[in-house]
Amino acid sequence: MSNQIQLEIVTPDRKVLSEKVDYVGAPGIVGEFGVLPNHIPFLSALGIGNLYYKLGGKTHYVFIAGGFAEVGPDRVTVLAEIAERAAEIDVERARKARERAESRLQKRAEDVNFARAQASLQRSMARMRCRSSAEGSGTCSL
Ligand code: ATP
């Protein structure tokens with residue numbers, strides 16, 4: 001029996017993280033799920049939100065947008081469409097993306113793709129939450 005979990009996060013472009021951790025919380029498409037060592041195996045689609053993992057009493061945050069997580073007794077493998085560690089997030093860029101998305105959603109113009117604007121708004125807000133959680137000034141909402 002292992003008392004840690006090997007967490008791997010990869011995107012189509014790169015390996016984002018490979019680390020032994022104590023706990024993983026992830027934004028499943030139907031809600032957050034948590035994984036401790038020796039969890040039963042399962043597969044989940046991921047939504048837009050923040051994955052977090054605990055290691056030695058510290059919590060670390062990773063922004064995720066879409067993909068899958070495969071959970072095994074001593075391993076969590078995340079294949080994400082987009083993933084960024086909190087420190088990699090450009091907060092100013094996320095703020096501008098939120099402003100653009102909000103103004104598109106307010107316009108109600110025919111040429112606005114609402115689903116696209118809503119997804120962009122969700123990504124930008126999750127990115128800002130990820131950073132504020134990492135800086136300890138936010139609540140740990142996924
Ligand atoms: P933007 O309109 O600013 O591009 P977006 O939400 O449309 O934001 P995405 O489609 O989610 O952008 O991401 C496109 C690429 O840009 C990805 O590789 C992603 O990691 C990167 N990226 C987007 N926004 C940020 C950010 N705020 N900080 C760091 N990387 C970002």
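Numbers here simply count residues along the sequence, with the first being 1. Counting starts at 1 for both ligands and their atoms, in listed order.
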Item to check | Option nearest atom 29 (C) of ligand 1 (shortest heavy-atom distance, choices Glu88, Arg95, Gln122) | outcome: Glu88
Checklist entry - So which protein heavy atom does atom 12 (O) of ligand 1 come closest to, and at what separation? => result Arg127 NH1, 4.0 Å
Next on the checklist: For atom 6 (O) of ligand 1, what's the nearest protein heavy-atom neighbour? Residue, atom name and distance, please.
Outcome noted: Arg123 NE, 2.8 Å
Item to check | Whether Asp22 side chain and Gly57 backbone form a donor-acceptor pair below 3.5 Å | outcome: no
Next on the checklist: Can you tell me which portion of Asp90 lies within the under-4.0 Å heavy-atom range of ligand 1? Options are side chain, backbone, both, or neither.
Outcome noted: both
Item to check | Numbered atoms of ligand 1 (with element) below 4.0 Å of Arg100, judged on heavy atoms | outcome: 1 (P), 2 (O), 3 (O)
Checklist entry - Is a side-chain donor or acceptor of Arg85 paired with a backbone partner of Val16 at a separation under 3.5 angstrom? => result yes
Checklist entry - With a cut-off of 6.0 Å (strictly less than), are more than 12 heavy atoms of other residues, nucleotides or ligands near CZ of Arg116? => result no
Checklist entry - Name the one of Leu51, Val10, Val62 that satisfies side-chain contact (heavy atoms from CB on, under 4.5 Å) with Val78? => result Leu51
Checklist entry - Using 30° and 60° as the class limits, which term best fits the ring planes of Tyr52 and Tyr23: parallel, tilted or perpendicular? => result tilted
Item to check | Donor-acceptor under 3.5 Å (Asp74 side chain, Pro37 main chain) | outcome: no
Next on the checklist: What protein heavy atom lies closest to atom 15 (C) of ligand 1? Include the residue and the distance to one decimal.
Outcome noted: Arg93 NH2, 4.1 Å
Item to check | Taking atom 20 (O) of ligand 1 as the reference point, the nearest protein heavy atom with its distance | outcome: Glu84 OE2, 2.4 Å
